Amino acid sequence: MNSLRARADRVEAWLQRSDCDVLAIQETKCKDDNFPWELFERMGYEVAHFGVNQWNGVAIASRVGLEDVERTFLDQPSFGKAGKDPVQEARAMAATCAGIRIWSLYVPNGRSLDDEHMPYKLKWLESLKTHAQELVTQDPQAQVALMGDWNIAPFDEDVWDIDLFINNRSTHVSPPERAAFHAFESAGFTDVVRPYTPGPGVYTYWDYTQLRFPKKEGMRIDFVLASPALAARVTGASIDREERKGKGASDHAPVVVELAD
DNA sequence: ATGGTGGGATGCCCA
């Protein structure tokens with residue numbers, strides 16, 4: 001989702017409706033001081049948030065335990081324009097919830113193919129993959145979820161018109177971005193949602209502009225990648241497209257994964 | 001005309 005404070009009422013209603021145990025949020029667009037802690041407490045969730053300014057911001061809410069909170073992953077790249085101090089952005093945090101290591105991830109957008117944010121995006125993903133791989137190498141039984149806004153459409157069917165994207169030299173579909181995503185699959189992580197939500201025409205994000213949602217012109221860019229031990233427990237998944245409707249909707253829809261006990 | 005919508009440390013930057 002984006003902008004948590006502007007949609008606090010929707011989040012509360014969605015928690016009520018979905019009855020989910022763990023919620024990972026990205027692009028909260030607030031700092032810890034402004035975070036609506038009481039919303040989650042009222043609903044019976046523990047919550048941790050990582051936000052340093054009005055940009056980015058990630059959170060994890062859980063009613064099945066929230067332990068070992070970690071802000072940024074090991075060796076997470078910083079971003080800084082020439083002449084400015086590099087900053088480690090609030091784009092990744094982890095917590096262990098009921099034995100599952102949950103990573104709430106807001107992958108850098110990239111902005112354009114020749115922007116300095118694109119190499120940053122690729123390096124960020126490579127570094128995250130190294131860390132994730134390490135977790136399953138250390139413990140092959142580890143249950144790890146890498147979830148959030150990946151800002152990549154891994155397959156042609158994940159956008160409404162691939163030719164338009166290619167002709168426009170758009171981000172999210174370029175070979176280096178897709179390779180960075182598929183590297184997680186090579187490292188043993190699986191997209192556990194796609195088998196339950198086959199495309200084409202299945203998306204998690206619709207731009208606010210140009211009537212993209214009513215025209216069904218979206219992108220599948222939000223994913224839950226699971227380690228082998230976690231993937232084995234998945235019994236279902238869905239994309240709550242209804243939540244994209246109505247006044248005050250986020251431009252992303254919630255992605256839901258169900259697990260066996 | 002090409003960010004036309006939406007939110008934030010708002011009169012600009014980010015997606």
Side-chain angles (χ1 to χ4, degrees), chain A residues 1-14 24-37 39 49-59 77-92 104-122 124-125 147-154 158-161 163-174 177 180-181 203-223 241-255:
Chain A
M1 69 154 353
N2 88 53
S3 309
L4 177 59
R5 282 172 295 162
R7 314 191 202 290
D9 52 342
R10 286 188 75 121
V11 172
E12 186 164 345
W14 190 83
I25 308 172
Q26 300 81 38
E27 206 181 356
T28 60
K29 291 178 91 166
C30 66
K31 47 179 127 184
D32 290 344
D33 293 346
N34 302 337
F35 189 82
W37 305 100
L39 182 161
H49 177 253
F50 176 29
V52 295
N53 54 29
Q54 73 273 45
W55 309 124
N56 314 307
V58 285
S78 303
F79 181 82
K81 286 187 183 295
K84 287 199 157 190
D85 287 337
V87 176
Q88 228 172 15
E89 299 179 311
R91 293 180 175 277
S104 181
L105 303 167
Y106 182 34
V107 175
N109 176 286
R111 300 199 182 184
S112 73
L113 294 188
D114 51 9
D115 192 284
E116 55 194 333
H117 288 83
M118 183 54 71
Y120 167 56
K121 176 180 193 173
L122 299 174
W124 199 96
L125 285 161
M147 55 202 290
D149 178 358
W150 289 76
N151 271 316
I152 297 171
D158 297 335
V159 297
W160 75 93
D161 183 348
D163 294 332
L164 181 71
F165 276 70
I166 300 298
N167 291 339
N168 290 348
R169 302 193 72 246
S170 299
T171 59
H172 294 57
V173 297
S174 72
E177 288 167 278
F181 182 89
Y203 309 121
T204 64
Y205 162 89
W206 298 260
D207 197 309
Y208 285 121
T209 68
Q210 311 194 54
L211 299 172
R212 292 297 186 211
F213 184 66
K215 285 156 76 177
K216 304 187 189 309
E217 296 175 344
M219 303 168 71
R220 191 200 288 253
I221 56 175
D222 300 274
F223 299 97
R241 193 178 170 280
E242 292 300 304
E243 189 56 28
R244 180 62 179 78
K245 296 179 179 176
K247 190 170 162 55
S250 168
D251 43 7
H252 294 258
V255 177

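Note on naming: letters A, B, ... go to the chains in the order of the sequence lines (proteins, then strands), and numbering restarts at 1 for each one. If you're wondering where the values come from, they're calculated on a predicted model, not measured in any experiment.
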Can you check the distance between B/dG6 and B/dG11, where both ends of the measurement are the C1' atom (answer in whole Å)?
16 Å

Which residue, A/K29 or A/W55, contacts DNA chain B at a nucleotide closer to its 5' end, judged by nearest heavy atom?
A/K29

Taking atom P in both B/dG3 and B/dA15, compute the distance separating them and give it to the nearest angstrom.
15 Å

Counting just side-chain N and O atoms, does A/R91 come under 4.0 Å of either OP1 or OP2 of B/dC14?
no

To the nearest Å, give me how far apart CG (A/N2) and P (B/dG7) are.
8 Å

Kindly state whether the ring of A/H117 and the ring of A/F79 have centres lying under 6.0 angstrom apart.
yes

Can you check the A/D222 CG to B/dA15 C1' distance for me, whole Å?
13 Å

Quickly work out the A/M1 CE to B/dG7 P distance and round it to whole Å.
11 Å

Take atom CZ of A/F79 and atom P of B/dA15, then tell me their distance rounded to the nearest Å.
10 Å

A/K215 NZ to B/dT5 P: how many Å, rounded?
12 Å

Can you tell which of A/R91, A/E27, A/Q26, A/K29 makes a side-chain contact (heavy atoms from CB on, under 4.5 Å) with A/N56?
A/R91

Taken to the nearest whole Å, CG/A/N53 to P/B/dA15 is 12 Å

Which is more 5' along DNA chain B, the nucleotide nearest A/L4 or the one nearest A/H117? Just name the residue.
A/L4

Name the nucleic acid region contacted by A/R212, choosing base, sugar-phosphate or nothing; use a 4.0 angstrom heavy-atom cut-off, strictly under.
nothing

Specify the separation, in whole Å, of atom NZ of A/K245 and atom C1' of B/dG6.
20 Å

Donor-acceptor pair, A/T171 side chain versus A/G110 backbone, under 3.5 Å?
no

Side chain of A/T209, heavy atoms from C-beta onward: which of B/dA15, B/dG3, B/dG7 has the nearest atom to it?
B/dG3

Closest to the A/R111 side chain, choosing from B/dT5, B/dA9, B/dC14
B/dC14

Just call it for A/Y106: base, sugar-phosphate, or nothing, with non-hydrogen atoms closer than 4.0 Å on any strand.
sugar-phosphate

Applying side chain to side chain contact (heavy atoms under 4.5 Å, CB included) to A/N53 and A/E89, what does each step give before you reach the verdict?
CA-CA 9 Å; A/N53 54 29; A/E89 299 179 311; over 6 Å; no

Could you give the distance separating B/dT5 and B/dA9 at their P atoms, to the nearest angstrom?
22 Å

Give, for atom CG of A/N151 and atom CZ of A/F223, the distance between the pair rounded to the nearest 0.5 Å.
10.5 Å

Given the structure, check if the side chain of A/D207 and the base of B/dG3 hold any donor-acceptor pair shorter than 3.5 Å.
yes

Whole angstroms only, please: what is the CD-P distance between A/E27 and B/dG8?
11 Å

